[in-house]
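Within every chain, numbering begins at 1; the chains are lettered A, B, ... in the order of the sequence lines, protein sequences first and strands thereafter.
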Amino acid sequence: MNLITALARLLIFPGLLFAVPAAWFFLWVERKSVAWMQGRIGPPFLQPFYDFIKLLGKTTPSREGIGGLLMRAWPLLAVSSAVGAVALLPVLPSSGGFEGDLILLLALLELPALCIIAAGFSSRSIFGEIGAAREAVMAVAYNVVFLLAVVSIAAAQHTFRLETLAGLPSTPLRWLGLAAILVCLPAKLHINPFSLPNAEQEIYSGPMIEFAGPELAMWELSHGLEWVAGTGLVAALAAPHLAFGWLGPILFVVFSFAIVLLLSTASAATARVAIDTSVRFYWQCTLIFAVLAVSTALLLRVRP
Amino acid sequence: MNLWNRFLCSCRRRSPWIFHMNSGSCNGCDIELVASLSPRYDAEQLGVRLEGSPRHADILCVTGPVTRNSVGAIKTVYGQVCSPKAVVAIGSCPATTNVFVDSRTLAGPLNQHVPVDVFVPGCPPRPDAIIQGIAKAAEILAERGKAQPAVAIVAHADELETNEAPKTSEVQP
């Protein structure tokens with residue numbers, strides 16, 4: 001991957017120019033599907049875009065010192081790492097990539113969650129700290145399953161290169177891993193039934209409670225970009241889009257949209273569960289399947 | 001006024017996020033405010049979102065006759081809403097203190113403490129009237145944004161800003 005293709009992927013497709021409108025679109029789908037499930041009409045199509053522009057034009061409270069600086073830095077770091085994660089997705093055929101880019105993608109996907117934890121503690125609000133603590137506990141719970149699922153997919157195919165993984169034919173083991181990733185995505189995206197860190201009506205907005213104006217706009221955007229990156233990872237590994245050449249990106253977008261619809265409908269249909277129940281769910285129920293997947297993948301490697 | 005500013009004001013009109021504050025209300029207006037977000041009335045079509053934190057909100061919706069205990073909280077929360085902002089007084093209580101007039105436990109009406117932009121009278125007002133009041137407040141917000149420069153001015157946190165001239169209008173029930 002040379003510099004020009006890397007820049008094109010980061011800035012145009014599937015990076016900034018594609019990912020930001022897609023993030024707004026997915027945020028709209030999230031709100032609209034909740035409205036559909038409740039029998040409402042819901043927000044207009046451009047609503048997340050209006051919200052973003054409005055937030056950019058609002059004032060922010062002045063905060064002195066290193067705390068204020070950090071509170072400005074966390075949302076920007078979250079947005080840039082999420083854009084980086086989207087840019088690594090293997091969407092275009094023969095777009096390059098490098099050995100081990102799956103590991104970089106996982107690290108970039110994890111950074112927004114770390115930023116949320118840090119932001120909650122930098123805001124010095126009691127609700128922010130509770131939200132950040134919950135986010136940390138959730139990250140420990142779902143990441144074990146999430147990482148084991150990704151490792152089982154990669155280890156079975158003997159590669160950590162995303163483009164190779166996306167091009168290889170699907171196996172039953174990969175479908176098991178993808179199902180495990182899908183179970184982890186609601187916790188990664190803080191939507192119901194695992195919307196514990198930003199639980200409204202309970203701890204107000206959790207880690208985001210003290211953020212206003214442009215900083216809040218960046219948090220909204222990073223949430224949307226996490227949607228694009230998370231669903232894009234599943235879509236890239238599940239859909240055989242690389243075989244379709246230049247029709248591949250369209251297939252990729254359609255498949256991501258289907259996953260967004262599935263997850264947001266599930267979130268509208270469920271209620272929030274308590275923190276101990278969700279941690280138990282990830283460690284007791286799904287961990288068994290993830291361990292089984294990893295051990296099967298390693299056993300497959302032993303066979304010559 | 002340049003193009004960006006006009007565009008920003010249009011976005012402000014279309015995305016009013018509200019924060020609900022109870023200043024000793026009997027819960028009647030609170031129920032009606034929540035009902036305006038329910039499937040029958042669906043205020044989200046206008047972009048209305050009920051926010052948990054006053055920092056996220058544009059419009060402060062106050063119910064209740066403003067008890068003496070709640071005055072400090074109202075002023076703090078009004079200072080925490082970032083400008084441009086608007087205040088909607090929901091029900092007859094914040095407008096006139098209603099049947100509790102001359103009570104020694106009250107410090108109302110609301111416009112003695114914070115500048116109120118829209119009064120929605122009624123005991124309680126219908127959800128349609130509340131939605132109309134919020135829509136009117138969003139228009140006032142957009143107009144106020146036109147007067148102020150669009151570039152974000154850094155305001156001091158938790159400080160009561162009284163330099164905004166109260167432009168009061170009333171929603172007919």
Tell me, for [X] versus chain A, whether the close heavy atoms (under 4.5 Å) come from the side chain, the backbone, both or neither.
X        : answer
Ser10(B) : neither
Arg13(B) : neither
Leu37(B) : backbone

Point-to-point distance, once rounded to the nearest 0.5 Å, from CZ of Phe211(A) to NE2 of His56(B): 8.5 Å
Pair listing, ring pair (Phe, Tyr, Trp, His ring centres under 6.0 Å) test, anchored in residues 11-52 of chain B, at least two apart: none
[X] side chain to [Y] main-chain N or O, any donor-acceptor pair under 3.5 Å?
X        : Y        : result
Thr59(A) : Ser83(B) : yes
Arg31(A) : Glu44(B) : no
Lys58(A) : Ala57(B) : yes

side-chain hydrogen bond (donor to acceptor under 3.5 Å, both in side chains) partners for Ser278(A), two or more places apart: none
For Cys11(B), the option from Leu56(A), Ile53(A), Leu55(A) that meets side-chain contact (heavy atoms from CB on, under 4.5 Å): Ile53(A)
Proximity breakdown for Ile203(A) and chain B, heavy-atom pairs closer than 4.5 Å: neither
Toward chain B, the part of Glu220(A) with a non-hydrogen atom under 4.5 Å: side chain
Contact listing (chain B partner; residues 36-47 of chain A; heavy atom under 4.5 Å): Gln38(A), Gly39(A), Arg40(A), Ile41(A), Gly42(A), Pro43(A), Pro44(A), Gln47(A)
Asp102(B): partners by salt bridge (Lys or Arg N to Asp or Glu O under 4.0 Å), with sequence neighbours left out: none
